[in-house]
Structures are given as structure tokens and as C-alpha cells.
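Presented below is the structure to which this report refers.
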2 protein chains.
Amino acid sequence: MRKQPRQKRSREMVKALVEATGQCIQRHGLDDTTTARIAEQAGVSVGSLYQYFGDKDALIAALLDRLAEDIAAGLRRLPLMAVTDLGEMVHRSIRFGFSVLRSRDGLYLELVRNWHRLPTNRVVDLLQQHFMELSRLYFLRHYRDYPIENLEVRVFIVTNSVLFTMVRHVSQGDLIDEEELARELTRMVAGYLGQPPQGDPP
Amino acid sequence: MRKQPRQKRSREMVKALVEATGQCIQRHGLDDTTTARIAEQAGVSVGSLYQYFGDKDALIAALLDRLAEDIAAGLRRLPLMAVTDLGEMVHRSIRFGFSVLRSRDGLYLELVRNWHRLPTNRVVDLLQQHFMELSRLYFLRHYRDYPIENLEVRVFIVTNSVLFTMVRHVSQGDLIDEEELARELTRMVAGYLGQPPQGDPP
DNA sequence: CCTTAATGCGAATATCTATTCGCGTTCAAT
DNA sequence: ATTGAACGCGAATAGATATTCGCATTAAGG
């Protein structure tokens with residue numbers, strides 16, 4: 001941030017600008033999100049925008065930071081460790097994922113689509129680490145006999161598989177019933193995560 | 001295509017332009033692929049470009065058509081139906097996928113990353129239909145007892161999971177060993193596709 | 001060879017967009 | 001109330017890019 005907003009009105013402007021950035025991306029897509037539109041949507045002038053954000057990217061980065069916090073809060077609110085069934089745990093996570101993707105009128109959808117040209121590392125790491133920790137605890141509790149040593153690879157695979165399959169599905173018309181998709185994704189993921197490390201089951 | 005190239009030289013120019021488009025996307029990324037650069041790379045002028053392509057998008061569409069043919073040819077060359085083991089079949093498909101993603105110095109990688117703003121439907125349908133047909137035949141042959149009725153959903157899930165997990169992996173530094181990733185992806189996919197439709201195994 | 005249509009050219013054009021800057025306004029501390 | 005700093009503004013700037021168009025060059029048929 002180029003300058004710290006010292007007065008109340010300017011702090012509100014900063015918040016409005018970040019919010020407006022989200023609105024623009026959601027309504028017009030990332031490509032047609034211009035500084036002019038953002039300023040207009042926020043009800044301020046382009047000049048003011050540059051008072052607190054070094055450039056457009058900084059604004060988008062601020063938006064992503066804010067959304068990352070929202071997601072972190074949402075994840076904390078999910079009481080997944082109380083669940084004892086692996087399938088149930090996965091299914092709830094997937095339903096949470098769908099609800100996030102559908103929220104904010106498709107803002108998240110557009111952001112994930114454009115992940116490769118946005119500073120999404122923080123958000124990605126957040127998800128990765130959350131599910132990593134969750135699985136670690138789960139397997140410590142339920143599979144003490146054969147510890148899963150390649151958990152990181154499994155979590156990487158599972159996270160990306162679910163996320164992008166969901167995005168692809170929501171991006172299309174609903175050619176597939178969402179309930180069924182969630183169920184089948186759960187089957188795949190739970191089946192895979194429940195598999196013993198290398199050869200045959202104990 | 002705006003006009004049909006009638007003479008030999010102009011037909012070569014059309015080919016060179018499509019090829020140059022691929023080069024530019026691969027070297028500079030889709031965002032920095034300009035008509036000027038494409039023309040320069042092809043060794044012709046911008047004006048000539050518009051003689052045969054209505055606009056930039058038409059040029060990119062032509063590139064995608066050409067690559068779709070290449071992929072179709074590659075798939076036809078894979079003798080997958082000769083394989084009797086599901087895991088082996090999946091593993092070979094995944095290795096083929098990695099080889100395509102790595103070919104042409106990352107051109108495919110950049111195209112898949114930007115799938116949502118490119119006319120990728122033809123290519124996506126191609127892959128989808130190929131693996132759909134492959135699985136249909138495989139399951140007709142091996143699982144005649146419990147036919148899998150939701151094959152389309154499964155193929156959708158599996159195709160997207162593998163494709164985008166691969167893209168995410170190649171986009172990062174190689175934080176994960178590619179051999180291991182291919183092996184684990186295979187485990188997940190083969191395990192899932194081998195599962196009986198709803199409840200318990202027969 | 002000569003004509004005519006096809007081909008090729010690239011400077012010029014029309015837009016669009018991020019970013020700046022000088023000026024007027026508002027705030028807050030004294 | 002005064003004053004200096006913070007704030008807010010939006011026209012102007014600089015740079016980029018897709019697309020066009022009038023003119024030059026080349027090929028092919030007669």
C-alpha cells in the first residue's frame with residue numbers, strides 16, 4: 001500500500017475500492033476489469049485509487065488477501081475433526097467447496113479460472129495446509145498402524161482434482177447433476193485416501 | 001478464414017502464421033502474443049495476416065484446430081485397448097498426458113492454463129469422447145456383470161482431475177517427483193474406476 | 001509479352017488503459 | 001479561526017494493440 005490512510009473517510013475508501021474490485025471482476029471478468037471501472041464502482045476517482053495502491057496489481061492482491069481471510073474463517077467454522085467417517089469428512093469438504101465457488105455471484109470462480117496470472121499462492125497454500133493438517137490428524141487417529149508417508153502428494157492431488165473439477169463443472173452449463181458429482185468426487189477421494197500406502201491392505 | 005489462399009506461396013504463409021502463433025504463445029505467453037509479433041515471427045507483415053484471418057481469434061482457433069488433430073493422432077497411436085490391466089491402461093494414459101504437456105516447450109501448458117478464454121471446446125470434447133469410448137469398451141469387456149451406468153460422470157471427473165493436477169504440477173517448480181505423482185494419480189483413478197457402481201463389491 | 005487479379009506490405013488509424021500531476025477541498029491540531 | 005498536512009479529483013499523458021487501406025509486387029492465363 002502506497003500510503004497509510006489516516007482519516008476515517010479514506011480508510012472506508014480503501015475498503016470500498018477492494019470491494020469494488022471484486023464486483024468488477026465478478027461482473028465483467030478479470031480481463032475487462034479496468035482501473036476506471038473500479039474507481040467508478042467504488043464511487044471515487046482514479047486518482048484516489050493510486051493514493052493508496054501502487055498499481056492495479058496491488059489492488060487485486062489486497063482483494064485476494066481479504067478473500068483468503070474469509071476462506072480461512074469459513075474453514076475454521078467447519079467442524080470436520082468431529083467427524084469420524086472419512087467419506088463424510090470428504091463429502092462435507094466438497095460441499096463447502098461448492099458453496100464457496102457459488103458464493104459472491106461467481107467471483108471465486110473467475111479468480112480460480114485465472115489462478116495462473118494472479119498472486120494466488122497465499123490462498124493455495126492456505127487450502128493445501130489446511131487439508132494437510134486435517135488429514136494428518138485424521139490418519140494419526142484412525143490409521144495408526146500404517147502411517148501414510150506420502151500424505152503431501154496425496155493432498156496435492158486431491159485438492160487440485162476436486163477444485164478444478166468443480167470449476168469446470170460450474171463453468172459449463174449444469175450438464176451433470178451437482179449432487180451426483182459431489183457424491184462421485186467423494187467416492188473417488190475417500191477411496192483413494194483410505195488406500196494403504198503401497199501394496200495390499202493389512 | 002477470410003479468403004482462400006489460391007497460390008502455393010500464400011498457402012505456406014497461412015501455415016507459417018499458425019505455427020508462429022504457437023511459437024509466440026509458447027515464448028511470451030498468451031497475453032503478450034500480439035499480431036505484430038506473430039507476423040514478425042512468421043516473416044510476413046501484419047497486413048498479410050488479415051488477408052486470410054478475419055481477426056486474431058481466428059488465428060488462434062486455427063492453431064487449436066491443428067493441435068487437436070495432433071492430439072487425436074497421438075491418441076490413435078496409443079494401443080491402449082490391447083492392455084488388460086486397468087491400472088496399466090490408466091498409467092499409460094497419464095504418461096502420455098505428461099509427454100503432451102511437456103512437448104512444444106510448454107505451449108500446451110499455456111493453452112490449458114488459459115482454457116477458459118480460448119475456443120477449447122473441440123479439444124476438450126475430443127479428450128472426453130476418446131476416454132469415454134475407451135472406458136466403455138474396457139468395461140464391456142471386463143465387468144460385464146455390473147455395468148457402470150454413470151460412466152460419463154466418472155470420465156468427466158477423472159479427465160479433469162488428471163489434466164489440471166498435471167498442469168498445476170508442471171506450473172510449479174518440480175516440488176514433487178513426477179514419477180511418484182504419476183503413480184499416485186494412477187492409484188487414485190484406477191481405484192475409482194474399478195469401484196462397483198453404488199454399494200459393496202459383488 | 002501483357003493484362004488482370006491475387007498477393008503482400010507497413011505506415012496510419014482508432015481505441016483502450018494504466019498511471020501521473022497540479023489544483024482545489026477537507027480535516028485536525030493548535 | 002488558522003494553517004499545514006492529508007485527501008480527493010479527473011483531465012492529460014504515455015504506451016500498447018488490433019485492424020484498415022492505398023499502393024507496390026507477383027503470379028498466371030491468353
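Within every chain, numbering begins at 1; the chains are lettered A, B, ... in the order of the sequence lines, protein sequences first and strands thereafter. Computed over heavy atoms, backbone and side chain alike; hydrogens, waters and symmetry mates excluded.
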- line: Comparing B:Thr34 with B:Gln7, nearest DNA chain D nucleotide closer to 5' gives the residue B:Thr34
Pairwise 5' ranking along DNA chain C for A:Arg9 and B:Gly47, keeping only the more 5' one: B:Gly47
task: Name the residue closer to the 5' end of DNA chain D, choosing between B:Arg6 and B:Arg37 according to the nucleotide with the nearest heavy atom.
output: B:Arg37
message: Considering every strand and a 4.0 Å limit on heavy-atom distances, what is the contact class for A:Ser10: base, sugar-phosphate, or nothing?
response: sugar-phosphate
Whether A:His169 and A:Phe98 hold their rings parallel, tilted or perpendicular, with breakpoints at 30° and 60°: perpendicular
- line: Bounded by its outermost nucleotides with an atom under 4.0 Å from a heavy atom of chain B, the footprint on DNA chain D reads D:dT17 to D:dA27
message: Can you work out whether A:Asp57 or B:Lys3 has the more 5'-proximal nearest nucleotide on DNA chain C?
response: B:Lys3
- request: Check whether any side-chain N or O of A:Arg2 sits under 3.5 Å from a backbone N or O of A:Tyr50 as a donor-acceptor pair, and report yes or no.
  value: yes
message: Using a strict threshold of under 4.0 Å (side-chain N to carboxylate O), is an ion pair present between A:Asp174 and A:Arg102?
response: yes
message: I'd like to know whether CD of B:Gln26 has more than 12 heavy-atom contacts from other residues, nucleotides or ligands below 6.0 angstrom.
response: yes
message: What is the separation between atom CZ on B:Arg11 and atom C1' on C:dG8, rounded to the nearest whole Å?
response: 16 Å
- prompt: Tell me, do A:Ile157 and A:Tyr192 make a side-chain contact under 4.5 Å, heavy atoms counted?
  reply: yes
field: Rounded distance in Å - CE (B:Met13) to P (C:dA6)
entry: 15 Å
query: Closer than 4.0 Å, any side-chain N/O of B:Ser48 to the OP1 or OP2 of C:dT7?
result: no
Distance (rounded to the nearest 0.5 Å) between B:Leu49 CG and B:Leu17 CG: 5.0 Å
- prompt: Quick one: A:Leu17 CG to C:dT19 P, roughly how many Å, whole number?
  reply: 14 Å
Distance in angstrom units between B:Asp55 CG and C:dT15 P, rounded: 17 Å
- request: Indicate yes or no for a side-chain donor-acceptor contact from A:Lys15 to the backbone of A:Ser10 under 3.5 Å, with no hydrogens or angles considered.
  value: no
- request: Between C:dT7, C:dT19, C:dG10, spot the one nearest the side chain of A:Tyr50, thanks.
  value: C:dT19
query: Across the strands shown, which category fits B:Arg2 at heavy-atom distances under 4.0 angstrom: base, sugar-phosphate, nothing?
result: sugar-phosphate
statement: Separation of C:dT17 atom P from A:Ile60 atom CD1, nearest Å, is 14 Å
task: Rounded off to whole Å, could you give me the CG-to-P distance for the A:Asp32 and C:dT17 pair?
output: 7 Å
message: By the 4.0 Å heavy-atom rule, please label B:Phe53 as base, sugar-phosphate, or nothing.
response: nothing
